[in-house]
Engineer: 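The structure follows.
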Number of protein chains: 2
Amino acid sequence: MEEGIEVAVSTVIFALRHDSARDCTSLWMPLVRRVREPYAGRWALPGGPVRRDEDLADTARRTLVATTALSPTYLEQLYTFGRAERSASGPRVISVVYWALVRPEEAERGIEDENVAWHPADRPPELAFDHRTIVSYALWRLRTKMEYSRIAQAFLGETFTLAQLRQVYEVVLQRTLDPANFRRQVEASGDVEPTGEYLVGGRHRPPKLYRHREANDLADNGPLTGL
Amino acid sequence: MEEGIEVAVSTVIFALRHDSARDCTSLWMPLVRRVREPYAGRWALPGGPVRRDEDLADTARRTLVATTALSPTYLEQLYTFGRAERSASGPRVISVVYWALVRPEEAERGIEDENVAWHPADRPPELAFDHRTIVSYALWRLRTKMEYSRIAQAFLGETFTLAQLRQVYEVVLQRTLDPANFRRQVEASGDVEPTGEYLVGGRHRPPKLYRHREANDLADNGPLTGL
DNA sequence: GCAAAAGTGTTATATGTACACCCATGA
DNA sequence: TCATGGGTGTACATATAACACTTTTGC
């Protein structure tokens, strides 16, 4: 009865990447260049229409892999944008937006060409549709959620040092943290456990390696755990 | 291209109501009885399909008024449910779910008949579709958000006493709060200001009346404020 | 040995919690 | 005057933040 409404899924993907030009690590996200009108040539969030028999999160994962060849360590629904006058022309599109976190190794492997490229999350180029608002909301959610959950670990690999984990917080929250207090907080939280190994090859005293506690999830989504 | 997908909006509406049978105040929500298959006769969340030229939040407000005659003091998007095998039969439906808070006076005025009735939020009857999951998630979000925002005020009228505000917290969070500490916390937060008036007619010492601070919103939704 | 990061200890401050106590009103 | 909720004061526990200090490595 309500023909002319399309449902699509877009995903804001975050990764920590080293900016060799400025010699600092910061938040980046992959964008794809639109090849069709409206907004042809503009950068946009990766995504695509929902298939008839596909769960929304699966659409997010599929389009994410199809456009960027990335596989996320964390994926969560962000918000559904559906303003009536949202797209300048064409049929009305309702966008269910997800946000995802990927590890640095993944971020290196990902496709990158004329039509897929990484951009700074806090200073994106001109974007199609209302994607600029979406990106800043995703960034806000990432920063907010970082304070009370363990999602920072999704940016890291199997094992990591506390300095690496701390750097994730520092880069995302854009402020320095006291190493001593950070250590105590993390150790007291029980979110990580020492592997017994040490990271060798560094320039200084070898730090302990830690791993994620398998027991608990990266974030508490209440009755929606697993959805 | 993706025909056969319908978009609908449902809303979980919460209000504090006095249960005269048990002589206590608790959380209630209005439900509507389904007249059509699937799940004909079952209780369900109020809602309806999205119109072509209508924003999602407007659909929520419109269907909310149409079915229950209630006007909410707080309305926020909750989550979008779109599992492929979600409805037992018929076309695939993607539900954008909102949650709303209404004042007690509103809750008294609302429609109530054979097909629209209030139910306890924590012990709902058998519900249609996956509405049971949706309700428990909405309840979880309400309780979580209550801890770090001012939404409790959305349950109350223009002016209120601190005891009334405290009761909102106690009923929703299901635990008692120390009146002395509660007073200090609320006063320090700057979320409310005294009107200078006192509530007379009570059985005991007349308490001060307070009102909401107009300046700030009931909740901080970051870059999405106003959407 | 020196520089630098890893890791430990100590203290000040802020915040949360428990509870004793006085105040003002209706009955 | 008594019961009851309104409202204030205070002590204690815990969390946060700041920073001095020791340890262990590469060079």
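Because only heavy atoms are used, hydrogens play no part in the values below, and waters and symmetry mates are left out as well, while side chains stay in. Chain A is the first sequence line, chain B the second, and so forth, proteins listed ahead of strands; every chain is numbered from 1.
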Engineer: What does the B/S/- profile of nucleotides 13-27 of chain C look like, 5' to 3', with a 4.0 Å heavy-atom cutoff to protein?
Structural biologist: ----BBB---BBBS-
Engineer: Starting at atom CZ of A:Phe182, determine the distance to atom C1' of C:dT8, rounded to an integer number of angstrom.
Structural biologist: 17 Å
Engineer: Determine the minimum heavy-atom distance between B:Leu162 and B:Phe182, stating which atoms define it.
Structural biologist: O-CE2, 3.6 Å
Engineer: For A:His204, enumerate each residue passing the side-chain contact (heavy atoms from CB on, under 4.5 Å) test, keeping only those at least two apart in sequence or located in another chain.
Structural biologist: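 side-chain contact (heavy atoms from CB on, under 4.5 Å) check on A:His204 returns nothing, list empty.
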Engineer: Heavy atoms only: give me the nearest A:Ser26-A:Val171 pair and the separation to one decimal.
Structural biologist: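 Where A:Ser26 meets A:Val171 most closely, the heavy atoms are CA-CG1, 3.5 Å.
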Engineer: State which residues pass side-chain contact (heavy atoms from CB on, under 4.5 Å) with A:Arg205; sequence neighbours excluded, sorted by chain then number.
Structural biologist: none
Engineer: Taking it one step at a time, do B:Glu106 and B:Arg109 satisfy salt bridge (charged side-chain N to carboxylate O under 4.0 Å, His left out)?
Structural biologist: CA-CA 5 Å; B:Glu106 280 289 311; B:Arg109 271 214 303 278; 2.3 Å; yes
Engineer: With B:Gln174, which residues qualify under side chain to side chain donor-acceptor pair (under 3.5 Å), at least two apart?
Structural biologist: B:Arg143
Engineer: What range of DNA chain D does chain B touch, first nucleotide to last, counting atoms under 4.0 Å from its heavy atoms?
Structural biologist: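 Answer, 5' to 3': D:dT4 to D:dT10.
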Engineer: Around B:Glu105, counting heavy atoms of other residues, nucleotides and ligands shown, do more than 12 lie under 6.0 Å from its CD?
Structural biologist: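 Check passes, neighbour count above 12.
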Engineer: Tell me every residue that passes ring pair (Phe, Tyr, Trp, His ring centres under 6.0 Å) with A:Trp140, counting only those two or more places apart in sequence or in another chain.
Structural biologist: A:Tyr137
